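A quick write-up on the structure given underneath.
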Amino acid sequence: MRRTDSTTLEYVTSSSQNTRHITLIDPAKQDPNTAANRAMVAVECGSSMIFVGGSTDTPDEIVHATCKAIQEAFELRAFASSQDPSSEEEQWHIPVVLFPGGAHALSPAADAITFMMLMNSSIRRFLVGEQIRGAPYLEKFGVEALPTGYLVCAPGGRVGEVGQAELIQPDQTEQVYSYALTARMFGFKILYLEAGSGAESQVHPGLIEAARSVDNLTLLVGGGIRTPEQAVLASQAGADWVVTGTLTEDAADLEELRTRISSIVNALEG
Ligand code: 1GP
């Protein structure tokens, strides 16, 4: 729910003293009301952005209902905070951003979308095909596109399989450097290094460092990050943002979720 003069892209790419945290919510994994409750806990614990998406085959209606429920919950919390001088209203004005598996998983209720090229896909559909299908919809509904290069690294998980990605291996630092340069030369502002949701190992820090050596790209890193130590490893290697998804989905309840996200955000804040 962006209510400031700045765009979501400015918010995402603005410099920050610490690596910031994104909570990814997969609409396929819970009902919209539960998603909104989880998103509120995430914001209370210091997540700075909510991504909605992840699965490859979730229909529009479910994605939209989830975005809408989260936005409505944030609006209520922002209003409540505005009535309470001791409370921080600004906290609730964080973007809800689509992280789509394709052109089917869109919603006009989102503030923005990671408009991605899966750069190491070997099939046209994920390089430009889904994007061509989705672009007129985004234009019509005024959802801001965040130009993003998406690079799937080993082990890669389901997104690596579905996207038929030529996975970047841990020692392929020069390859990542070339991809990062290419992303910048295409005009992408964001590069997302992905190990795959639920991955057994996170993106190798050497790959993050190689991407970091290219200026003027905001680096998102996700996949397989479950502990504060793993988040700090990604941060120290150069991630501007750390994304976690699975740890939200498999938390037993909202209190466990609170403990998990707080420990990661606190570790990133040093
Ligand atoms: C997946 O990078 C995200 O696209 C998050 O991964 O579910 O492993 O946290 P996890």
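Order of appearance sets the numbers: ligands from 1, and atoms from 1 within every ligand. The model shown is predicted, which means the values in this text are computed figures rather than measured ones.
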For [atom], find the nearest protein heavy atom and state the residue, atom name and distance (0.1 Å precision).
atom                    : answer
atom 4 (O) of ligand 1  : E194 OE1, 2.5 Å
atom 9 (O) of ligand 1  : G245 N, 2.7 Å
atom 10 (P) of ligand 1 : T246 OG1, 3.5 Å

Charged N-O contact under 4.0 Å between R184 and D215: no
Residues R212 and E209 bridged, charged N to O under 4.0 Å: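 No, no charged N to carboxylate O under 4.0 Å.
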If you count the atoms of ligand 1 from 1 in the order shown, which ones are under 4.0 Å from a heavy atom of [X]?
X    : result
G198 : 7 (O), 8 (O), 10 (P)
F99  : 4 (O)
G222 : 2 (O)

Using the rule side-chain hydrogen bond (donor to acceptor under 3.5 Å, both in side chains), only one of D250, T227, T248 pairs with R260; which is it?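 The passing option is D250.
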For Q202, side-chain hydrogen bond (donor to acceptor under 3.5 Å, both in side chains) partners two or more places apart: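 Q202 satisfies side-chain hydrogen bond (donor to acceptor under 3.5 Å, both in side chains) with no residue once adjacent residues are dropped.
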Does Y192 have a non-hydrogen atom less than 4.0 Å from ligand 1? yes
To which residues is I62 joined in a hydrophobic cluster, defined by side-chain heavy-atom contacts under 4.5 Å among Ile, Leu, Val, Met, Phe, Trp and Tyr, whether direct or through other members?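 Under the 4.5 Å side-chain rule, I62 groups with nothing.
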